[in-house]
Amino acid sequence: MKKKEESRSFFQKVGAFFSAKVKVLPGMYVYADGLISAELITGRWVKAVVGYVEGKTVYAVCRQQKILPWCSSDWLVTSAQKMTSGKEATLRILESAKERGVKAEAAQWCHDYDYDDVVQGEAFLPLASELDKLSANKEAINKSLRALNASELVAWYWSSTDYNHRFAWKINMGSGFLYQEQKITFYNYVRPVIAIQL
């Protein structure tokens with residue numbers, strides 16, 4: 001019995017060693033069953049495309065997008081401005097919208113996103129800094145999105161980073177340019193992102 005346990009422990013260590021050597025890169029496919037691969041595998045469903053990796057967290061772009069206003073009313077989500085996570089900022093925006101009785105269309109759609117095996121509440125509206133990192137890797141991301149017949153990252157995208165009560169930050173995926181835009185007047189693309197722990 002002890003030999004079996006020692007043997008299993010050895011193979012687990014070897015397996016962990018080899019999986020640690022597989023580098024996750026932008027453009028790789030995130031499958032519904034948790035596999036991350038550079039290859040499109042027949043019979044397996046892709047839920048997202050890797051955008052970038054930070055530490056042990058993989059940030060992946062969901063397959064679908066929508067054009068929406070940031071919100072339906074002017075208001076400032078103060079605590080969301082200093083957040084370092086798009087997921088936390090999205091939840092704070094939704095809490096603040098509920099408290100005020102207004103709609104936060106961009107954040108709500110990302111939070112409610114339940115397509116392509118993404119579970120409702122898993123996706124979020126990325127921060128401006130997170131969108132900036134996606135923009136830096138857009139060529140690899142778009143190549144994989146094209147292979148999936150999914151919408152590529154183009155034009156302007158809302159972030160979950162508030163600027164003031166009337167404006168929020170958005171980014172142009174073509175140029176990487178960041179700009180503050182009126183939340184209720186302008187419609188921009190909204191692209192949900194998921195975070196996966198390695």
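No hydrogens, no waters, no symmetry mates; every other heavy atom, side chains included, goes into these values.
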Problem - Shortest non-hydrogen contact between I184 and P69, atoms and distance - result: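 Looking at all heavy atoms of both residues, the closest pair is O-CB, 4.4 Å.
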Handout entry: A89 to S160 - nearest heavy-atom pair and separation
Key = CB-OG, 3.7 Å
Exercise for the section: May I have all residue pairs that pass salt bridge (Lys or Arg N to Asp or Glu O under 4.0 Å) and include part of residues 123-134, sequence neighbours excluded? Expected result: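 Qualifying pairs: E54-K133.
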Within the supplied structure, the quantity of interest is the number of heavy atoms (other residues, nucleotides, ligands) at a distance under 6.0 Å from [X] [atom1]; does it exceed 12?
X    : atom1 : value
E139 : CD    : no
Y189 : OH    : no
Y31  : OH    : yes
E39  : CD    : no

Donor on one side chain, acceptor on other, [X] and [Y], under 3.5 Å:
X    : Y    : result
S151 : Q64  : no
T185 : Q182 : yes
Q65  : Y157 : yes

Practice task
Walk me through it: do V50 and L25 pass the test side-chain contact (heavy atoms from CB on, under 4.5 Å)?
Solution key: CA-CA 7 Å; V50 175; L25 298 169; over 6 Å; no
Handout entry: Parallel, tilted or perpendicular: rings of Y59 and Y52 (30°, 60°)
Key =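 Taking Y59 first and then Y52, their aromatic rings lie parallel (interplane angle under 30°).
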Problem - Any side-chain heavy-atom pair of V49 and V30 under 4.5 Å - result: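 Heavy-atom side-chain distance check fails, nothing below 4.5 Å.
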Exercise for the section: Look at D74 together with K183 and state whether they make a salt bridge at an N to O cut-off of under 4.0 Å. Expected result: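 Answer for the salt bridge query: no.
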